[in-house]
Each structure stands twice: as C-alpha cells, then as structure tokens.
Amino acid sequence: HVQLVESGGGSVQPGGSLRLSCVASGTTNTDFCMGWYREVPGKSREALAHIDDNGSMRHFAQVQGRFLISRNSGQNTIYFQMNNLKPEDTGTYFCAAGRVSCLRMGWMSLPGAFPYWGQGTQVTVS
C-alpha cells in the first residue's frame with residue numbers, strides 16, 4: 001500500500017517561490033505516475049502536473065512556465081518548484097500516485113484515476 005507524505009508548504013508574498021516535496025513509501029516499484037493537485041474551498045480538485053519515472057512530464061496551463069515538477073526515482077520522491085507565485089495559487093496542494101505509469105493511464109488527470117493521496121500541504125500567497 002503506497003503512502004504519500006507532502007512537505008514544503010507555507011506562506012509567501014506574491015512573486016515568491018516555494019518548493020514542495022512528496023515522498024512515496026510502501027513500495028519498491030517506481031514505474032507509476034505521480035502528480036500534484038490543488039484544492040481551494042468551493043472548487044473541485046484540479047490537476048497541475050504529472051510525471052513518470054522516466055522523466056516524461058506534463059504541466060497544465062495554470063502553472064505552465066512558473067511551476068516545474070521533477071522526480072527522483074531512486075527515492076520515489078517528486079518535487080514541485082513553484083516560482084512567481086500569485087494569490088490565486090493559494091490552496092491545499094496534494095500529491096497523488098497511480099498504480100501504473102502516466103503513459104499507461106493515457107495521461108489521465110481526473111482525481112478519481114489516482115488511488116493514492118497525501119494529506120495535503122497548505123500554500124498561502126498574500
């Protein structure tokens with residue numbers, strides 16, 4: 001059973017940067033999709049980026065060019081470097097993991113496609 005633990009959230013002024021981390025434990029497998037999602041009150045959880053263990057990645061429009069997902073497969077850890085943060089980036093950030101690669105999932109981004117989730121880490125930009 002995969003367990004995910006996020007860290008790195010906090011409060012920052014607009015234009016600032018934060019780096020989130022997510023460690024996956026409970027498996028020796030590395031060939032599974034991992035990604036970052038954001039949730040704000042009153043809205044559904046939105047996909048931000050996904051990455052395979054071979055480095056293939058996808059970023060969504062709202063973070064393209066400002067945020068960068070990366071992965072250390074040997075440690076089953078992903079990161080989310082967030083630069084030029086805006087107030088609208090405020091929310092709870094969740095790490096997600098699938099059972100197979102993003103490619104095999106068809107790069108599906110619906111939260112329901114991911115069985116494993118972290119507890120979330122709060123990011124506040126103001």
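We count residues from 1, following the sequence as given.
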Kindly give the heavy-atom pair with the smallest separation between [X] and [Y], and that separation in Å.
X      : Y     : answer
Tyr116 : Leu4  : O-CD1, 3.5 Å
Arg71  : Asn76 : NH2-OD1, 3.8 Å
Val2   : Ala24 : CG1-CB, 4.2 Å
His59  : Ala49 : CD2-CB, 3.7 Å

Residue of the set Leu48, Val123, Val63, Val12 for which side-chain contact (heavy atoms from CB on, under 4.5 Å) holds with Met82: Val123
Does [X] use its side chain to pair, donor to acceptor, with the backbone of [Y] at less than 3.5 Å?
X      : Y      : value
Ser101 : Arg104 : yes
Asn29  : Val100 : no
Gln119 : Glu6   : yes
Trp117 : Phe114 : yes
Thr90  : Glu88  : no

Mutual orientation of the aromatic rings belonging to Tyr93 and Phe80 [parallel < 30°, tilted 30-60°, perpendicular > 60°]: tilted
From CA spacing to verdict: side chain to side chain contact (heavy atoms under 4.5 Å, CB included), Leu68, Met57: CA-CA 9 Å; Leu68 179 66; Met57 66 183 75; 4.0 Å; yes
Could you measure the distance from the [atom1] atom of [X] to the [atom2] atom of [Y]? Nearest 0.5 Å is fine.
X      : Y      : atom1 : atom2 : value
Ser56  : Ile51  : OG    : CD1   : 8.0 Å
Ile69  : Ile78  : CD1   : CD1   : 4.5 Å
Met34  : Cys102 : CE    : SG    : 10.0 Å
Gln122 : Thr92  : CD    : OG1   : 4.0 Å

I'd like to know if [Y] and [X] are part of one continuous hydrophobic network [Ile/Leu/Val/Met/Phe/Trp/Tyr, side-chain heavy atoms within less than 4.5 Å].
X      : Y      : answer
Trp36  : Trp107 : no
Val23  : Leu20  : no
Met108 : Phe60  : no

Do the non-hydrogen side-chain atoms of [X] and [Y] ever get within less than 4.5 Å of each other?
X      : Y     : answer
Tyr79  : Cys22 : no
Ser70  : Gln81 : no
Ser126 : Pro14 : no
Arg66  : Lys86 : yes
Phe67  : Asn84 : no

side-chain hydrogen bond (donor to acceptor under 3.5 Å, both in side chains) contacts touching residues 44-53 (sequence neighbours left out): Thr30-Asp53, Tyr37-His50, Arg38-Glu46, Glu39-Arg45, Glu46-Gln62
side-chain hydrogen bond (donor to acceptor under 3.5 Å, both in side chains) contacts in which one or both residues fall within residues 11-20, not counting sequence neighbours: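 Every pair satisfying side-chain hydrogen bond (donor to acceptor under 3.5 Å, both in side chains) with a residue in residues 11-20: Ser17-Asn83.
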